[in-house]
Structure formats: C-alpha cells, structure tokens
Amino acid sequence: MKETVINSVVISLAIIGLLAMIGTHYTWMKITGVVVFFFSLVYLGMLYADIVSQRISGALTITSFAKTTPEKMSRLEGMVISGHALEAAVELRRIIKRNFNDIAARKLLVIAYLDYLDEPEEAANVIKDFFNRKNHRADDEAISLLFLLSDLIPDEEAVVFVEREARSGRYRTIDQNLLNNRLESLSINSQKDS
C-alpha cells in the first residue's frame, strides 16, 4: 500500500515536471521541471529495473544469444551417463530457466529423467512446460520434443498438445504436415482406446 502511494506521488511529480518543462515561459520553472522529471524517472527506473530487465532479457533470449556451448552440453551428458544425473538435472534446470528455448538442454534433461532417474512424469512435465509457453520455438527440433511428449502421455492428452501446435500456424509446411499426420494417428489411437 505504502509503495503504491509513493509510486503514485512520483508519477505525479514526473507529470508535473513534464508540464512545467513544456507549459511555461519562465526559465527557472523549465529547469525545475527538468530536474523533477529527471529524478522521478531515475526513481521509477530503479524501482522497476528488475522487472524491466527480466522482461527485456526474456525478449532477447533468442537461441543464438543464449545457446549452451557444445562443451558444456558434452560435460552434462557425461554427468548423466556416468551416474551423476541428479546433479546434471539441477544444472540443466538452471540452463532452461535462463533460456527456456534451449531444446538441447531440455532433451538432455528429459533423457536424464527417463533413462537414469526413472521419473517419466517429470520428463513429460519438462516438455509440457515448453509447449505451455506462448513464445516457444516452432521448428523441427520443437516437433521432435512434441513427438516425444506424445509418446510419454496418454493419447487423449497428447491430442490436445499436438492439435494446439498444428493450429498455431507457426510451422513450415513440411513440419505442419508432420503435425497433422501425428494428430490423425493420435486421434485414431484414442478412439480405439475408448
């Protein structure tokens, strides 16, 4: 409550400062307006810097900027295979948190959960998390993740995920055809099971 009042006062001061800069002929009022406006923006910038930087970094986290190095992925793969899957899973989770579009890290995490930690539900959740985000990648690697998910979960649930991706219109024609074929196959399988 107190922060909301302070924010409102600072925003009001910024507006008053802006109006003083624009709407007066007196030099001293213009200078005062500039100072008030500047310090109000600085205060608001410091207040919202964390939120803004998270949004900006999320927007800029394109795979080419935040790609995990092959050396790091090889090290993590070695950890998974050599019996340190839990430690690798923790590090892979950090990588995915930093860049949720890192499909290589996501696939390795799924393999760790499936083959070494015997947690198929957690493996499915890793992939579901990817497809439940609005701005996830839409390419052939994403489709391979989607197909893996459709093998891990019941056909009725898989139909929902595949259908949503097929209807998104974000995939190339060849990938769209793959999605439509998988959707048709899952639909037939789910009808047989019913």
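Fair warning: this is a prediction, and the values are worked out from it, not measured in the lab. Count residues from 1 along the sequence.
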Can you tell me how far the [atom1] atom of [X] sits from the [atom2] atom of [Y], to the nearest 0.5 Å?
X	Y	atom1	atom2	value
Ser82	Arg75	OG	CZ	11.0 Å
Ile127	Leu148	CD1	CG	4.0 Å
Leu145	Asp140	CG	CG	11.0 Å
Ile143	Glu141	CD1	CD	11.0 Å
Asp151	Leu146	CG	CG	10.0 Å
Asp139	Arg170	CG	CZ	9.5 Å

**Message:** Counting neighbours of CD1 on Ile174 that are heavy atoms of other residues, nucleotides or ligands and sit closer than 6.0 Å, is the number greater than 12?
**Reply:**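 Atom CD1 in Ile174 is not packed in, count stays at 12 or less.
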
Grab the two heavy atoms, one from [X] and one from [Y], that are nearest each other, plus how far apart they are.
X	Y	result
Val80	Ala88	CG2-CB, 3.6 Å
Arg164	Asn132	NH2-OD1, 3.1 Å
Ala124	Ile153	CB-CG2, 4.0 Å
Ala142	Ala138	CB-CA, 4.3 Å

**Request:** Go through the steps for Asn125 and Tyr113 under the test side-chain contact (heavy atoms from CB on, under 4.5 Å), then give the verdict.
**Result:** CA-CA 10 Å; Asn125 288 337; Tyr113 280 132; over 6 Å; no

With no hydrogens and no angle check, is any side-chain donor or acceptor of [X] less than 3.5 Å from a backbone partner on [Y]?
X	Y	answer
Arg106	Phe100	yes
Asn180	Gln176	yes
Ser187	Leu183	yes

**Prompt:** Between Lys192 and Asp155, is a side-chain contact (heavy atoms from CB on, under 4.5 Å) present by the stated rule, with each step listed?
**Reply:** CA-CA 10 Å; Lys192 285 181 185 176; Asp155 289 342; over 6 Å; no

Sub-4.5 Å side-chain heavy-atom contact between [X] and [Y]:
X	Y	answer
Val126	Arg93	yes
Leu117	Glu122	no
Lys107	Met73	no

Can [Y] be reached from [X] by stepping across I, L, V, M, F, W or Y side chains whose heavy atoms are under 4.5 Å apart?
X	Y	result
Phe130	Val160	no
Ile81	Leu76	yes
Leu86	Tyr116	yes

**Prompt:** Does a donor on one side chain sit under 3.5 Å from an acceptor on the other, for His84 and Glu91?
**Reply:** no

**Asked** Are Glu165 and Arg182 close enough, and set up right, to give a salt bridge (charged side-chain N to carboxylate O under 4.0 Å, His left out), and what steps lead you there?
**Response** CA-CA 11 Å; Glu165 290 303 304; Arg182 178 58 69 108; over 6 Å; no

